[in-house]
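One structure is given below, encoded as structure tokens.
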Amino acid sequence: MATINLGFLASGRGSNMQAIIDACRDGRLNANPAVVISNNASSVALERARNADIPGYHLGLITHPDPDTLDFMIIEILQRYEVNLVILAGYMQKIRPKVLNTFKNRIINIHPSLLPKFGGRGMYGMKVHAAVLAAGEKETGATIHLVNNEYDGGLILAQCKAPVEQNDTPESLAARVINVEHRLYVETLQKIINGEIKLPAAR
Ligand code: GRF
């Protein structure tokens with residue numbers, strides 16, 4: 001089977017990306033982490049790319065203020081590394097139509113809640129976990145989904161639950177959910193790559 005090349009888009013800490021890189025490197029995931037793009041020059045994600053000898057690029061509205069040029073560059077880099085699957089890993093930018101169409105049904109995101117609950121515009125990071133607690137939920141979790149033009153709105157590919165405990169704070173909940181995320185992202189990519197989860201047609 002031809003190697004699947006993964007292209008990461010990440011803005012911050014990149015711990016999900018690292019979990020996927022580790023799984024590729026130790027043979028749990030039959031894929032090649034090919035390239036990392038970050039809109040944040042000082043992101044930990046780019047540092048992780050350097051440490052793992054993966055080409056890393058800073059591309060964002062600072063380097064390319066015109067969104068069309070930025071999209072062109074993002075596509076150019078992803079194609080240069082022959083990326084088959086685009087992995088969003090804490091990427092704090094909306095993916096615009098040109099990139100969506102070029103990688104149709106091949107852009108995957110993770111969200112730290114059981115979508116469609118606690119998703120949508122403005123629902124990110126600690127805000128998600130605070131909203132879960134405020135709603136008195138007994139369980140939360142993580143969702144892997146395809147990316148479309150709605151925030152957190154694409155086809156759900158996999159979910160995994162995590163309990164909400166009585167004395168949880170947003171921080172303690174985030175710490176529980178992030179562990180679930182790391183496992184779920186790797187498992188879901190394994191299933192996509194071995195055909196157990198079928199993505200809709202790319203064209
Ligand atoms: C994760 O909680 C993910 O669900 C969300 O952004 C966070 C990224 O964390 N999309 P990290 O950068 O992977 O550590």
Side-chain angles (χ1 to χ4, degrees), residues 6-25 28-29 31 33 35-52 54 56-60 85-95 99-100 103 106-133 137 139-164 168-189 192:
L6 306 178
F8 296 94
L9 295 180
S11 300
R13 179 178 59 175
S15 72
N16 276 289
M17 182 188 86
Q18 186 70 57
I20 296 166
I21 294 170
D22 292 347
C24 293
R25 293 280 153 89
R28 281 175 292 138
L29 194 55
V35 65
V36 177
I37 296 173
S38 180
N39 59 321
N40 174 1
S42 54
S43 63
V44 180
L46 281 179
E47 202 179 307
R48 291 182 193 271
R50 282 192 293 278
N51 291 339
I54 298 167
Y57 294 84
H58 172 219
L59 294 179
L85 279 181
V86 180
I87 310 294
L88 305 194
Y91 189 58
M92 302 298 289
Q93 297 282 307
K94 197 163 187 205
I95 306 292
V99 179
L100 278 179
F103 290 92
R106 293 297 178 272
I107 307 180
I108 296 168
N109 185 41
I110 187 160
H111 185 80
S113 75
L114 297 172
L115 289 174
K117 283 183 161 183
F118 307 105
R121 195 182 183 137
M123 270 295 180
Y124 59 87
M126 231 28 103
K127 291 186 189 176
V128 177
H129 304 296
V132 167
L133 291 178
E137 297 288 315
E139 59 183 15
T140 183
T143 303
I144 310 270
H145 64 93
L146 285 179
V147 175
N148 65 9
N149 58 3
E150 284 165 44
Y151 282 101
D152 306 317
L155 179 73
I156 291 177
L157 301 173
Q159 291 188 308
C160 185
K161 291 178 177 171
V164 176
D168 265 330
T169 60
E171 290 74 19
S172 65
L173 200 50
R176 191 170 312 121
V177 171
I178 196 80
N179 284 319
V180 171
E181 290 188 44
H182 294 166
R183 234 179 315 120
L184 183 67
Y185 225 161
V186 170
E187 280 171 14
T188 306
L189 288 173
I192 291 170

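Counting convention: from 1, in listed order, for ligands and their atoms alike.
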Quiz prompt | H111 and ligand 1 - part of the residue with a heavy-atom distance under 4.0 Å | solution = backbone
Quiz prompt | For P112, atoms of ligand 1 separated by under 4.0 Å from a heavy atom | solution = 2 (O), 4 (O)
Self-check item: For A52, side-chain contact (heavy atoms from CB on, under 4.5 Å) partners two or more places apart
Solution: I21, R25, I54
Quiz prompt | With E187 via salt bridge (Lys or Arg N to Asp or Glu O under 4.0 Å) - residues at least two apart | solution = none
Practice problem: Could you point out which residue of L157, I144, L29 forms a side-chain contact (heavy atoms from CB on, under 4.5 Å) with L189? | Solution: L29
Quiz item: Any N or O on I110 sitting closer than 3.5 Å to an N or O of ligand 1?
Solution: yes
Quiz item: For ligand 1, is there an N or O atom under 3.5 Å from any N or O atom of G14?
Solution: yes
Quiz item: Are D152 and R121 close enough for a salt bridge, meaning some N to O gap below 4.0 Å?
Solution: no
Quiz item: What protein heavy atom sits nearest atom 6 (O) of ligand 1, and how far away is it?
Solution: G90 CA, 3.6 Å
Quiz item: Atoms of ligand 1 less than 4.0 Å from E181 heavy atoms?
Solution: 1 (C), 2 (O), 3 (C), 4 (O)
Practice problem: Indicate yes or no for a side-chain donor-acceptor contact from R106 to the backbone of V86 under 3.5 Å, with no hydrogens or angles considered. | Solution: no
Quiz item: Are any of the heavy atoms in A10 under 4.0 Å away from ligand 1?
Solution: no
Self-check item: Atom indices of ligand 1 within 4.0 angstrom of R13 heavy atoms, with elements
Solution: 9 (O), 11 (P), 12 (O), 14 (O)
Quiz item: Do S15 and ligand 1 have an N or O pair less than 3.5 Å apart?
Solution: yes
Quiz item: Does atom OH of Y57 have more than 12 heavy-atom neighbours from other groups under 6.0 Å away?
Solution: yes
Quiz prompt | Over 12 foreign heavy atoms within 6.0 Å of NZ, K94 | solution = yes
